[in-house]
Enquirer: 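Shown below is the structure under consideration.
Throughout, a chain's letter reflects where its sequence line sits, starting with A, and its residues are numbered from 1.
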Amino acid sequence: MSEEAFSLLHPGVKKALWTMRWKQLHPIQVEAIHHIVERDGHLIVCAQTAGGKTEAAFLPIVSKLASAPRDSVQAMYVGPLKALINDQFERLDRLCAHLDIPVHRWHGDVSASQKKALRDAPAGILLITPESLESNFINYGTHLKRIYRDLEFVVIDELHSFLSNVRGIHLRSLLARLSAATGRQPRVVGLSATLGDPLAARAFIAVDQPDTVAIVNDTGGTKEVRLGIRAYLQADPSADKPARLTPEESLKLANGMPSDSFESRSPANDERDELDEIAEDVLQAFSTGTNLVFGNAKQSLEILADRLHQLVRARHLPADPFMVHHGSLAKDLREETEEVLKSGRPATALCSSTLELGVDIGSVRAVGQLDPPWSVASTVQRLGRSGRREGQPAIMRMYVRDHSPHAGSGLSDLIFPHLLRAIAIVRLMVAKWLEPLDTDRMHLSTLVHQILSCLRQTGGMRADDLHRTLIVNGPFRNVAPPQFAQLLRDLGVAQLIEQMPQGELILAPGGEKLTASFDFYAAFQASEEYSVRHGTEEIGMLQSSLVPPVGENVILAGRRWRVDEIVVESKCVFVSVSRGGKPPKFQSSGGEIHSRIVQEMKAVLHDAAEPPYLDEPARLLLRAAQRTAEISGLLRSDVLIRPGVIQWFPWLGSRGLQTLSLYAESCKIEATTDAVSIRYRLPSQEAFCGHLQEIANSQRTPLELARLMPVKQFEKYDSLLCDDLLVAAIARDRLDVSGAVDAARETLQILNAAVATPSCPAAG
DNA sequence: GACCTGCTGCGGATTG
């Protein structure tokens, strides 16, 4: 054991370690002990799950608390999941068993009597969720100072899950308000498995002095990674005769063979589709050990699970190792899956991001990914779930589906954009690039939430006090004073707050009602869901937009169910077991993809070197995509000119494409976007260059463009805000004006140069 | 062409 660090611990902690038969301290624990015991300031501890992060923080914290107990919560642990809090509670309780330091937990599943016991005799360590901490402000605002008077430490677990999202801003606001209420600045210790952006993590903890936040990093050796991309073609439902070509046929087609020589084959009655082929491979590749197969959509995972169960039955296999795990499943079913994963028996969970963090499920042999992920960050996170054991590689098998070419295919489909995205993401992962965190958002909806919460907590505050608490000393730095004033006026108009004659703001009856409601505690938006019931058993939840009519089928928990009755009042769908019928199609909405990934897709299209991690179909489809790009002129120019239509590939992410489409609308030009291009209904290259010139010279402000957004409300309390504020937030948070303008200037320059050089004709 | 997370007090009846 590292004697020097060990000697810094309290005798009771040393005794607890002996009792628990600890042989030695991890290097991160040694470093953290020195930092917390001997120095001041905040700290971030980076190590993998089960890497001893919690002890790194709490061995020294408990040592400090043991020598000076107080009648106040002295250390607060904030965790993102109830299950995580329960895990950590048991570990901390064991550590503190002989130390006379009470360990409390507070979340939605903890009994009211246990919460009251903490309020009546606050002491020791409290484990809590952000929403339960919010309930302290809402319901016990006048007790805060007493309960947290001597708070010395705040430990934030899974820190990366709080960075740059609504829940993280909410947590920062609560911590700032706690400091305001108690007059204390506790030391913060962040725990994280993957930190792509250390500066953003430091700024989360100390926005004004990020450099003062120390980082302790687990310098584990580099891990062997085995990764493969498998490509599949699926029938394009928008085709006249939906059918599937083989990858070889697709390549011949790209090389100029007429499409009717393939389409006469018409395999429309072919019952096998690409998902059967994927299921076949999953069955082979994931039938031993503990594995996770991630998907992008819950419904697609359910459908794959259904196919796998069918395969296992049809083959009369002795065991079916496939289970599903996602946020819409009933708690019992999810816990059953977790138990089997922990048991070490062969098991493969088809899961959404529910198994990306937190709950420790032991050693994962391999990871699958159905459809290319949306971001490099989540790919890294998912890959990192496998190969935790010393000497074992991290393994990922990626299944990529693109539309099969047909007579009506557009160029955007013929370059197989999903395959390009998968390769682009792998290349960026190898290059160690990660999406930067967006720390610049206004978070107006969460600011509304916190204003109402402040007024509930205190009974009334002056506008300048609110401003100081939430904006100057809180996390909403990007909201300017006039915007804050406008926001208060909006809340007055909505009759949620009112002003007393002396100037103090208080909650109006509408605000009292809103803050007293059960769903006020969370700052994030939850979609409306229906409970799916089979008799008295709950199977899980289904988004209201996905509930099919009576008589049709849903797939949930990997099984098919027939909808017998829908009760709107109690939000229940009653189902019975079904074997036949078609599952519903899943809904589409908008994700967000970073420009860097789209630019890398272009590079993949131009790169003659073949990635070694592609299977044979993927190799053929990549060559077909490159050949199509060459023949169509896309390799020579991002702009393709056809009679009456200009198709531009600006190679921008979702924000950039959105911005270009708003520019078109502002110029009254008809334009449609797909995943990678924008098509303008314009008569000539001159007309298109004219539009590019307009964008390049545009005096239009981001605000004017944002005003054209068809939908302006995105978050929980956006409906309370006037258009002016929402437009300001959209301009800042959801557009990429400089990216769009740069792309327009660059493309204009290239087009003008091409016109000046006749030997290089425009494509088409 | 998306995913995930979270959560009252209070009154009244019943039981030991």
Side-chain angles (χ1 to χ4, degrees), chain A residues 78-85 106-113 115-116 119 128-141 157-158 160-162 165-168 170-171 174 234 237 294-301 325-329 331 334 350-359 369-375 377-379 381-382 400-403 412-413 417-418 421-422 446 449 453 456 512-527 529 541 543 545-546 585-593 597-598 653-654 657-658 673-676 714 716:
Chain A
V78 183
L81 303 171
K82 289 186 288 191
L84 197 57
I85 286 179
W106 186 323
H107 59 62
D109 296 344
V110 172
S111 71
S113 58
K115 295 170 187 168
K116 185 170 187 305
R119 293 198 301 274
I128 196 166
T129 61
E131 288 71 23
S132 285
L133 182 56
E134 175 67 72
S135 81
N136 279 215
F137 285 86
I138 296 287
N139 299 310
Y140 309 102
D157 202 358
E158 304 282 5
H160 57 277
S161 77
F162 289 111
N165 61 29
V166 165
R167 221 173 168 205
H170 184 198
L171 175 57
L174 292 173
Q234 62 184 151
F294 289 99
N296 292 344
K298 290 178 281 194
Q299 272 300 310
S300 62
L301 290 166
H325 191 285
H326 57 69
S328 299
L329 279 186
K331 196 173 171 225
R334 283 165 65 172
L350 310 173
C351 59
S352 61
S353 36
T354 41
L355 289 180
E356 246 182 50
L357 61 86
V359 190
Q369 168 70 41
L370 177 63
D371 299 325
W374 299 112
S375 71
S378 82
T379 312
Q381 186 82 18
R382 290 173 178 194
V400 178
R401 297 182 279 183
D402 274 293
H403 281 157
S412 298
D413 270 345
H418 289 166
R421 187 170 101 216
T446 309
H449 182 257
S453 171
R456 171 114 188 167
E512 290 285 358
K513 190 170 168 223
L514 186 71
T515 54
S517 67
F518 183 51
D519 65 357
F520 181 74
Y521 299 92
F524 56 82
Q525 173 90 282
S527 59
E529 289 192 316
M541 306 292 285
Q543 249 181 54
S545 58
L546 293 177
K585 295 228 159 59
F586 45 90
Q587 293 281 113
S588 66
S589 80
E592 194 174 298
I593 186 156
I597 293 176
V598 186
S654 342
L657 272 179
Q658 173 74 262
T673 55
D674 57 36
V676 280
F714 296 94
K716 193 172 181 185

Enquirer: Can you check each nucleotide of nucleotides 4-16 of chain B against protein heavy atoms at under 4.0 Å and return B for base, S for sugar-phosphate only, - for none, in 5' to 3' order?
Expert: SBBBBS-------

Enquirer: Donor-acceptor pair, distance only, cut-off 3.5 Å: does the side chain of A/H170 make one with the backbone of A/N165?
Expert: no

Enquirer: Keeping the roles fixed (side chain from A/K298, backbone from A/L329), state whether a donor-acceptor pair exists under 3.5 Å.
Expert: no

Enquirer: If we ignore hydrogens and angles and just use 3.5 Å, is the side chain of A/S353 paired with the main-chain N or O of A/E356 as donor and acceptor?
Expert: no

Enquirer: Please determine, by modelled atom types, if A/H325 and A/T354 share a side-chain donor-acceptor pair under 3.5 angstrom.
Expert: yes

Enquirer: Classify the side-chain pair A/E134/A/S453 by whether it contains a donor and acceptor separated by less than 3.5 Å.
Expert: yes

Enquirer: Reckon A/A523 touches a base, only the sugar-phosphate, or nothing at all at heavy-atom distances under 4.0 Å?
Expert: nothing

Enquirer: Grab the CG-P distance between A/L370 and B/dG1 for me, whole Å please.
Expert: 13 Å

Enquirer: Specify the separation, in whole Å, of atom CG of A/L350 and atom P of B/dC3.
Expert: 15 Å

Enquirer: Between atom CD in A/Q658 and atom C1' in B/dG1, what is the gap in whole Å?
Expert: 14 Å

Enquirer: Does A/Q234 have any side chain to side chain contact (heavy atoms under 4.5 Å, CB included) partners at least two apart in sequence or in another chain, and if so, which?
Expert: A/E274, A/R401, A/H403

